[in-house]
Amino acid sequence: MYERMLNKQVMPSIEEMTDYCGKNAELFSMLNEWMVTTFDTEQKVVFPYGNNYGWAIAHRKKNKLICNVFAEDGAFTVMMRLSNKQYETIYEQLEKYTQEYIDNKYPCGDGGWIHYRVTCHEYFEDVKKLLSMKFL
């Protein structure tokens, strides 16, 4: 479960990526649409970090990477970096599941990266809160 689209030789369409997310396909589609309409991001299908990461939709604003959204079998994972201050600002408003991702983030400068798996509507709402912090 949660396998990613790893065949680098065949670039999937956004529709194929959406379908691959199965029961969470609607949330995958809603998140990508929300990023474009709310924050005016540009989205592009990419194979960004090597064979273990697979295909994703990269969201950029003026060439700055906002996040990557990786399609998975039955879910999707959002990879993003926030500063410690951004994480602290929103921490108490998030589900325990989300707080655990922040507690175990991969440190990078003054902050860190999380690979946040969305498997339900509650986690979808939390990832939107996290991504909103990038624009404050």
Side-chain angles (χ1 to χ4, degrees):
M1 190 167 217
Y2 307 133
E3 293 83 15
R4 292 194 178 170
M5 302 177 90
L6 298 175
N7 185 351
K8 187 176 186 176
Q9 306 308 314
V10 181
M11 183 169 88
S13 67
I14 291 175
E15 293 78 21
E16 290 169 325
M17 294 174 80
T18 302
D19 290 344
Y20 192 71
C21 295
K23 66 180 182 174
N24 285 294
E26 183 179 6
L27 294 178
F28 178 83
S29 181
M30 287 169 52
L31 181 70
N32 289 303
E33 289 174 24
W34 177 77
M35 290 293 295
V36 171
T37 58
T38 305
F39 301 114
D40 195 32
T41 62
E42 293 180 24
Q43 63 181 10
K44 180 179 179 184
V45 176
V46 296
F47 198 93
Y49 304 109
N51 295 336
N52 294 328
Y53 285 85
W55 290 100
I57 297 178
H59 285 273
R60 295 184 177 277
K61 179 92 175 179
K62 297 182 181 175
N63 291 326
K64 180 181 177 185
L65 179 66
I66 305 302
C67 69
N68 284 307
V69 184
F70 292 91
E72 297 176 339
D73 183 13
F76 59 94
T77 291
V78 179
M79 186 174 132
M80 72 181 92
R81 183 193 177 283
L82 293 175
S83 70
N84 287 329
K85 182 174 174 125
Q86 289 169 315
Y87 283 125
E88 290 165 10
T89 299
I90 193 93
Y91 188 85
E92 293 301 323
Q93 302 168 37
L94 302 170
E95 300 278 337
K96 179 78 174 140
Y97 172 88
T98 309
Q99 291 174 350
E100 289 176 14
Y101 275 95
I102 295 168
D103 295 343
N104 295 299
K105 67 185 176 291
Y106 181 81
C108 178
D110 177 31
W113 290 90
I114 62 171
H115 295 239
Y116 186 80
R117 177 167 289 133
V118 177
T119 58
C120 66
H121 193 73
E122 290 78 18
Y123 303 161
F124 173 75
E125 291 302 321
D126 272 6
V127 81
K128 284 174 44 179
K129 291 175 188 173
L130 287 167
L131 288 166
S132 293
M133 295 303 297
K134 295 193 76 78
F135 298 95
L136 293 180

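One-based numbering along the sequence shown. Note that the coordinates shown come from a computational prediction; the quantities given were computed from them, not determined experimentally.
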message: Evaluate Phe28 against Ile57 for side chain to side chain contact (heavy atoms under 4.5 Å, CB included), listing each step before the verdict.
response: CA-CA 10 Å; Phe28 178 83; Ile57 297 178; 3.7 Å; yes

Does [X] reach the main-chain N or O of [Y] with its side chain, forming a donor-acceptor pair under 3.5 Å?
X: Glu3; Y: Met1; result: yes
X: Asp126; Y: Glu95; result: yes
X: Thr41; Y: Met35; result: yes
X: Ser29; Y: Ala25; result: no
X: Lys61; Y: Phe39; result: yes

Residue pair Met80, Ile114: steps toward the side chain to side chain contact (heavy atoms under 4.5 Å, CB included) verdict: CA-CA 6 Å; Met80 72 181 92; Ile114 62 171; 3.9 Å; yes

- prompt: Residues sharing Val36's hydrophobic cluster, by side-chain heavy-atom contacts under 4.5 Å among ILVMFWY, directly or via others?
  reply: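 None, because no other hydrophobic side chain comes under 4.5 Å of this residue.
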
Hey, is [atom1] on [X] packed in by over 12 heavy atoms from elsewhere, all under 6.0 Å?
X: Glu42; atom1: CD; result: no
X: Lys44; atom1: NZ; result: no
X: Asp103; atom1: CG; result: yes
X: Tyr91; atom1: OH; result: yes
X: Lys8; atom1: NZ; result: no

How many angstroms lie between atom [atom1] of [X] and atom [atom2] of [Y], to the nearest 0.5 angstrom?
X: Met30; Y: Asn24; atom1: CE; atom2: CG; result: 11.0 Å
X: Ser83; Y: Glu88; atom1: OG; atom2: CD; result: 8.0 Å
X: Gln99; Y: Gln93; atom1: CD; atom2: CD; result: 10.5 Å
X: Glu125; Y: Cys120; atom1: CD; atom2: SG; result: 10.0 Å
X: Met11; Y: Met5; atom1: CE; atom2: CE; result: 11.0 Å
X: Asn32; Y: Leu27; atom1: CG; atom2: CG; result: 11.0 Å

Where do [X] and [Y] come nearest, in terms of heavy atoms and distance?
X: Asn7; Y: Phe47; value: C-CE1, 4.4 Å
X: Pro48; Y: Gly54; value: CD-O, 3.5 Å
X: Tyr49; Y: Asn68; value: OH-ND2, 2.9 Å
X: Met17; Y: Pro12; value: CG-CG, 3.7 Å
X: Arg81; Y: Cys108; value: NH2-O, 2.7 Å

query: Step by step, would you call Thr38 with Lys128 a side chain to side chain contact (heavy atoms under 4.5 Å, CB included)?
result: CA-CA 11 Å; Thr38 305; Lys128 284 174 44 179; over 6 Å; no

task: Take Leu31 and Leu131, measure what side chain to side chain contact (heavy atoms under 4.5 Å, CB included) needs, and give me the verdict at the end.
output: CA-CA 10 Å; Leu31 181 70; Leu131 288 166; 4.0 Å; yes

task: Answer with yes or no whether the hydrophobic clustering places Val10 together with Tyr20; edges join I, L, V, M, F, W, Y residues whose side-chain heavy atoms lie under 4.5 Å apart.
output: no

message: Would you say Leu65 ends up clustered with Trp55 if hydrophobic residues are merged whenever their side chains have heavy atoms under 4.5 Å apart, either directly or through other cluster members?
response: no

message: The criterion is ring-ring contact (aromatic ring centres under 6.0 Å, His included); which residues satisfy it with Trp113, sequence neighbours excluded?
response: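 Trp113: no ring-ring contact (aromatic ring centres under 6.0 Å, His included) contacts found.
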
query: Are side-chain heavy atoms of Ile66 and Phe135 found at a separation under 4.5 Å?
result: yes

query: Can you check whether Leu130 reaches Ile102 side chain to side chain, under 4.5 Å on heavy atoms?
result: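 Yes, side chains in contact.
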
field: Option among Tyr116, Trp34, Tyr101 that satisfies the side-chain contact (heavy atoms from CB on, under 4.5 Å) test with Val127
entry: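 One option only clears the test, and that one is Tyr116.
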
message: Can you tell me which residue among Leu82, Thr89, Ile90, Asn84 is in a side-chain contact (heavy atoms from CB on, under 4.5 Å) with Gln86?
response: Leu82

- prompt: Angle class for the Tyr53/Phe70 ring planes (parallel below 30°, perpendicular above 60°, tilted otherwise)?
  reply: tilted

message: For Phe124 together with Phe76, are the ring centres under 6.0 Å from each other?
response: no

- request: Could you note down all residue pairs passing salt bridge (Lys or Arg N to Asp or Glu O under 4.0 Å) where residues 62-79 supplies at least one of them, sequence neighbours left out?
  value: Arg4-Glu72, Glu72-Arg117

